[in-house]
Amino acid sequence: MAVNDFIQSNKDRFLNELIDLLKIPSVSADPKFKDDVFKAADFVKESLIKAGADVAEICQTAGYPIVYGEKIVDPSLPTVLVYGHYDVQPADPYELWDSPPFEPVIKKTKIHPEGAIFARGSADDKGQFYMHVKAFEAMMASGELPCNVKFMIEGEEEVGSDNLDKFVIKNKEKLKSDVILISDTHMISMKDPSITVGLRGMAYMEVEVTGPNRDLHSGTYGGAVANPINILCKMIASLKDENEHITIPGFYDKVQELTAEQRGRLNEAPFDLKEYEEKLDVDTVFGEKGYTTIERVGIRPTLDVNGIWGGYIGEGAKTVLPSKAYAKISMRLVPDQDWHEIAQLFEDHFKSIAPAGVKVKVKSHHGGSPAVVSDTSVGYKAAEAAMEETFGKKPIPTREGGSIPIVALFQKELGSDPILYGFGLDTDALHSPNEHYGVQNYFMGIETIAAFFRHFKALSDQ
């Protein structure tokens, strides 16, 4: 096929372009990278123009911009909307990276013998959304673009997509499409391809516990005044019981319970527990009693501390009883939990368990709703057929533990089920030091996305 011939003959360029994009430290959470986030938006816009888009524009928001692009071949043809994000997670702690996070290097690994690109954002989500840009270019260059295509690439996904909902609601006609493609998830493996049909939601909180009005000498005051760090640790520990069941009243009231048959199908996915433990260098798994590992990360809600700090953490010793202690806590949610309700339940409960002698503040940073998408739609069938064509094996529908809040937004406002078409692996160290993305995954993704367009057009015509 001309499309695949074009991809093969342009592999080096496709890879080098991605590396150039990965060099831009577009960290949306840290204001010191503000200029770089805007620089990444410009890069995306120019990439769309070079690939063949008729329209490519920077759409300003109250925060970071959304890059919109389109190629309308014929209004009567099916339209595919592509979503992705060009912002990335903070790279801290830098000292745990084997190579600088914004100086991409390709290294061979046991899982990626053909090489993997080590850089922040390589898998989440620059490497994945850029596959769509390159698939679009290949179809354009070979004269084989069978559908209209629109792109919506945002710069605030890693901080909650605060301005995306306003943009989507305001631009429903502009974003009108027959299917939405999102590559921001992962597959089971290169041997066992999969398509995500479920995502958890999230409520992200920050808590502050204050004791005395200043840091105190731990000898003079220790044992006589409440220590906010000690108190905070006790409060956090009380949020789960001995079975890892979350103790917040009302937390499970709306959790959608799966039937034994549904749970059985979920556990049919290939999973080697010993290999899973070895990859993480842990001697055993851990989690809510009564559920398998696959179920714990796919269909059960969680509560985890993402960071905790207070007092003196510099070199050497300082005998201080701190005035304040802080923690960031995230809760992954499942259908039909509402993140606003869960955030309020958490705040009310956390304040209620604070002992005398301390004051507590709770802040809700951001959140998003869980989502389940159809595995019988035309879009899913096209995605399934394309993946079977390129990987040689029918993909398995799976539920993933991560959160993409905009999926539920798209379902509600645009009336279309997104196809969660990720090509990364769960070993890619997303949000961690040494994030990486397989070179083969990148090129297989480009080929599969191009095949999707062809299958989607054919199935839409039936």
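Count residues from 1 along the sequence. Please read all numbers here as calculations on a predicted model, not as lab measurements.
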Greater than 12 external heavy atoms within 6.0 Å of Lys108's NZ: no
Inter-residue atom distance Asp304.CG - Ile236.CD1, 0.5 Å rounding: 11.0 Å
Closest non-hydrogen atom pair between Phe136 and Ala51, with its separation: CD2-CB, 3.7 Å
Side chain Asn306, main chain Ser330, donor-acceptor under 3.5 Å: yes
Other residues, nucleotides, ligands: >12 heavy atoms within 6.0 Å of Asp74 CG: yes
Pairwise distance CG(Leu164) to CD1(Ile169) - rounded to 0.5 angstrom: 9.5 Å
Backbone of Val372 reached by a side-chain donor or acceptor of Gln411 within 3.5 Å: yes
SB check Lys134 Glu17 (cutoff 4.0 Å): yes
N-O pairing of Arg120 and Glu435 below 4.0 Å: yes
Aromatic ring pairing Tyr83/His85, orientation class (parallel under 30°, perpendicular over 60°, tilted between): tilted
Lys412 NZ: over 12 foreign heavy atoms closer than 6.0 Å: no
SB check Glu137 Lys50 (cutoff 4.0 Å): no
Geometric class of the Tyr204/His366 ring pair [parallel <30°, tilted 30-60°, perpendicular >60°]: parallel
Minimum-distance pair of heavy atoms, taken over all atoms of Ala203 and Leu333: N-CD1, 4.2 Å
Close side-chain approach of Lys107 to His436, heavy-atom, < 4.5 Å: no
N/O donor-acceptor pair under 3.5 Å between Ser194 side chain and Ile188 backbone: yes
Side chain to side chain, Asp428 and Ser122, heavy atoms closer than 4.5 Å: no
Within 6.0 Å of NZ in Lys394, more than 12 heavy atoms from elsewhere: no
Minimum heavy-atom distance Val80-Cys147, with the two atoms named: CG2-CB, 4.2 Å
Audit row: Leu266, Glu295, side-chain contact (heavy atoms from CB on, under 4.5 Å) steps and yes/no: CA-CA 8 Å; Leu266 192 68; Glu295 292 171 339; 4.1 Å; yes
Closest non-hydrogen atom pair, Met140 against Gly52: CE-O, 3.6 Å
Side-chain heavy-atom pair Leu414, Ser177 within 4.5 angstrom cut-off: no
Stepwise side-chain contact (heavy atoms from CB on, under 4.5 Å) check, Asp272 with Glu278: CA-CA 10 Å; Asp272 187 319; Glu278 288 176 351; over 6 Å; no
Side chain to side chain donor-acceptor pair (under 3.5 Å) between Thr292 and Asn267, intermediate numbers included: CA-CA 8 Å; Thr292 66; Asn267 283 287; 2.8 Å; yes
Cation over ring face, Lys174 and Tyr68, 6.0 Å, 45°: yes
Residue pair Ile49 / Ala56: nearest heavy atoms and the distance that separates them: CG1-CB, 3.5 Å
Stepwise side-chain contact (heavy atoms from CB on, under 4.5 Å) check, Leu22 with Tyr437: CA-CA 11 Å; Leu22 292 169; Tyr437 188 43; over 6 Å; no
Heavy-atom check, side chain of Glu413 versus side chain of Leu175, under 4.5 Å: no
Any donor-acceptor N/O pair, Arg296 side chain to Glu288 backbone, under 3.5 Å: yes
Donor-acceptor pair, side chain of Asn434 and main chain of Asp98, under 3.5 angstrom: yes
Nearest-0.5 Å distance that lies between atom CG in Asp87 and atom CG in Asp36: 12.5 Å
Heavy-atom side-chain proximity of Leu303 to Ile248 below 4.5 angstrom: yes
Interatomic spacing from CZ in Phe118 to CD1 in Ile106 - rounded to 0.5 Å: 10.5 Å
Donor-acceptor contact present, side-chain Asn441 to main-chain Phe423, <3.5 Å: yes
Side-chain (Asp375) to main-chain (Tyr380) donor-acceptor, under 3.5 angstrom: no
Presence of salt bridge, Lys328 and Glu206, under 4.0 angstrom: yes
Glu447/Thr390 under side chain to side chain donor-acceptor pair (under 3.5 Å): CA gap, chis, key distance, verdict: CA-CA 7 Å; Glu447 291 183 15; Thr390 54; over 6 Å; no
Test item: Asp283 and Glu277 side chains (from C-beta on) under 4.5 Å apart, heavy atoms: no
Sidechain-backbone polar pair: Gln440 side chain, His112 backbone, donor-acceptor under 3.5 Å: no
Among Asp178, Leu81, Thr79, side-chain contact (heavy atoms from CB on, under 4.5 Å) partner for Asn148: Thr79
Beyond-backbone contact of Phe167 with Glu154, side-chain heavy atoms, under 4.5 angstrom: no
Side-chain donor or acceptor of Ser403 paired with backbone N/O of Pro405 under 3.5 Å: no
Chi angles and distances behind the side-chain contact (heavy atoms from CB on, under 4.5 Å) call for Leu48, Lys71: CA-CA 10 Å; Leu48 291 174; Lys71 176 66 180 181; over 6 Å; no
Close side-chain approach of Tyr421 to Met387, heavy-atom, < 4.5 Å: yes
Full working for salt bridge (Lys or Arg N to Asp or Glu O under 4.0 Å) between Glu244 and Arg300: CA-CA 11 Å; Glu244 287 300 295; Arg300 297 300 294 169; over 6 Å; no
Taking every non-hydrogen atom, the tightest pair across Gln128 and His132: O-CD2, 3.4 Å
Inter-residue atom distance Ile66.CD1 - Glu156.CD, 0.5 Å rounding: 7.5 Å
Inter-residue atom distance Glu114.CD - Phe443.CZ, 0.5 Å rounding: 10.5 Å
Verdict with supporting geometry, Tyr86 and Phe129, ring pair (Phe, Tyr, Trp, His ring centres under 6.0 Å): CA-CA 8 Å; Tyr86 61 83; Phe129 90 73; 7.5 Å; no
Flag, side chain of Gln8 to backbone of Asp5, donor-acceptor distance under 3.5 Å: no
His245 and Tyr252 aromatic ring geometry - parallel, tilted or perpendicular at 30°/60° bounds: parallel
